[in-house]
Number of protein chains: 2
Amino acid sequence: MVHYTKSLLVLTLIMLSNSRAAHHHHDHNRCLSAALSHAEQHCTEAGVRLTPIRRAVLELIWQSHRPLGAYAVVEQLPSILGRPIRPPSVYRAIDFLLEMGLIHRLPSYNAFIGCPFPGSEHSDVFMVCRCCGSAAEVSAETLNKSLEDTASRAGFQLETQNIELSGLCASCQQEDSSS
Amino acid sequence: MVHYTKSLLVLTLIMLSNSRAAHHHHDHNRCLSAALSHAEQHCTEAGVRLTPIRRAVLELIWQSHRPLGAYAVVEQLPSILGRPIRPPSVYRAIDFLLEMGLIHRLPSYNAFIGCPFPGSEHSDVFMVCRCCGSAAEVSAETLNKSLEDTASRAGFQLETQNIELSGLCASCQQEDSSS
DNA sequence: CAGTGATTTGGTATAATGTACCACTTTATT
DNA sequence: AATAAAGTGGTACATTATACCAAATCACTG
Ligand SMILES: [Zn+2]
Ligand SMILES: [Zn+2]
Ligand SMILES: [Zn+2]
Ligand SMILES: [Zn+2]
């Protein structure tokens, strides 16, 4: 019985998440610079190039924790690069960043968001606040097991997943109840 | 010990799924007619009208277990109604069917699929086969709890969800290994 | 049954998102 | 320097979805 309780606790605690930052007031410059230096390092190690355009697109997507649409990137790129960049170039940069695992796509929003833990193995699970629009990523061992289990019970061999949870983040819940 | 085993089994078994049909050879006419009569009944009870267009769109979406795009519906509608129907009318019908819970939208595919258990409370979880393209819906108690648990541990108040699992269905796994 | 308001549909035009394609430039390799 | 590979510029276009207003149909009332 003791053993059961212990192992349950261990499983319970294995959870990566940036919800503390994404859904609360915080120093976002740290998120941004961490993401950029991560990206530099990641690309160097992989032997690929984080060109100015790719870097600028990543920077724009990381400007907040709200998913950003491709055409919003197109509109804002001149502010960083000083010259207009057309959709195909932006989509090429986005494809690169997706393949490198530096950003994720949120299909229900037709938008993209920076990955807070690129490189480390994790499941793509997003909690998007319907009030403030910010999205946090979470990777929970128990949830992964549950997904894997549900799929295998249906004879389905799970390969990739897209999980978008919508609701109220902690901050917006407080504002809701205080108003 | 016996009690623990039993309750685990009970939780394990609470799972709605149409994967047996969706991912295997079956008499699909039964799926179709069941869906249509369900829809009639559901609409009557709700006091709304399943008009010819709405019914035809539902019928087309239920023609298989593969998600169907809105413009595929537009193209095929003449074969049922005998006259062309333009995109806005199709999208209006789709919006109606979505609101009634008779179909679901799969955002990563920009496509729609019939709900095998409309009316009954269920979570939106789809297993889409990357080989044959068919999508099964599943609603598992344990997965729901796990999602709820993951969200609440991040202080997130879960309201709606979109879960798309991609991989190989049972049938396509066999073909893969036999070839 | 006629009148009236609400719901549904028809149809044009356009918005929003994403891609095919080819020429050109830059970078890496020999 | 020559060559190959990778990346970018730019036009045109494909796909998905919606705004808007007019016409038709339906539901209800007197
Ligand atoms: Zn931040
Ligand atoms: Zn991630
Ligand atoms: Zn079927
Ligand atoms: Zn359903």
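Keep in mind that what you see is a predicted model, and the values were worked out from it rather than measured. Residue numbers begin at 1 in each chain, while the letters A, B, ... track the order of the sequences.
- Mapping B:Pro52 and B:Tyr71 onto DNA chain C by nearest heavy atom places B:Pro52 at the nucleotide closer to the 5' end.
- No side-chain donor-acceptor contact under 3.5 Å links B:Ser89 and B:Arg86.
- Projected onto DNA chain D by closest heavy-atom contact, B:Arg49 and B:Asp95 fall at different nucleotides, the more 5' of which corresponds to B:Asp95.
- Taking both residues in full, the closest heavy atoms of B:Ser166 and B:Arg130 are given as OG-CB, 4.2 Å, listed atom of the first, atom of the second, then distance.
- The CD1-P distance, from B:Ile94 to D:dT15, rounds to 17 Å in whole Å.
- When the C1' atom of D:dT16 is taken as reference, atom CG of B:Leu106 falls 15 Å away, rounded to whole Å.
- At a cut-off of 3.5 Å, with distance as the only test, a side-chain donor of A:Glu45 or A:Gln41 sits close to an acceptor on the other residue.
- Considering only side-chain N and O atoms, B:Arg86 lies under 4.0 angstrom from the phosphate OP1 or OP2 of C:dG11.
- A 4.5 Å side-chain heavy-atom check between B:His65 and B:His28 finds at least one atom pair inside the cut-off.
- B:Ser89 has no side-chain polar atom (N or O) that falls below the 4.0 Å cut-off from OP1 or OP2 of C:dT9.
- Proximity of B:Asn110 to the phosphate of D:dT15: no side-chain N or O atom is located under 4.0 Å from OP1 or OP2.
- Although no hydrogens or angles enter the test, the distance criterion places a donor-acceptor pair under 3.5 Å between the side chain of B:Asn18 and the main chain of B:Glu137.
- Among the atoms of the strands shown, base atoms are found under 4.0 Å from some heavy atom of B:Arg92.
- Both B:Pro88 and B:Val48 lie close to DNA chain C; mapped to their nearest nucleotides by heavy-atom distance, the more 5′-ward contact belongs to B:Val48.
- Each of A:Pro84 and A:Phe96 was assigned the nucleotide of DNA chain D with the nearest heavy atom; the assignment lying further toward the 5' end belongs to A:Phe96.
- Computed from coordinates, the B:Leu50 CG to C:dT7 P distance equals 18 Å when rounded to whole Å.
- Regarding contacts with the backbone of D:dT16, every side-chain N or O of B:Arg105 stays at 4.0 angstrom or more from both OP1 and OP2.
- Rounded to an integer number of Å, the gap from A:Leu77 CG to D:dG9 P is 10 Å.
- Side-chain proximity of B:Ala70 to the nucleotides D:dG9, D:dA17, C:dT19 is greatest for D:dA17.
- As a whole-Å value, the separation of B:Tyr109 OH from C:dG18 P is 16 Å.
- Between B:Thr51 and C:dT9, a side-chain N or O to OP1/OP2 separation shorter than 4.0 Å is present.
- The distance from atom CD1 of A:Ile53 to atom P of D:dT8 is 5 Å, rounded to the nearest whole Å.
- For the OP1/OP2 pair of D:dT18 and a distance below 4.0 Å, the side-chain nitrogens and oxygens of B:Tyr91 include no atom meeting the criterion.
- For the pair A:Phe112/A:Val73, no side-chain contact is recorded, criterion being any heavy-atom separation below 4.5 Å from C-beta on.
- For the pair A:Phe112 CZ and C:dA16 C1', the interatomic distance rounds to 13 Å; values are reported in whole Å.
- OP1 or OP2 of C:dT8 has at least one side-chain nitrogen or oxygen of B:Arg54 nearer than 4.0 Å.
- Rounding to whole angstrom units, CG of residue B:Leu81 and P of C:dT8 are separated by 17 Å.
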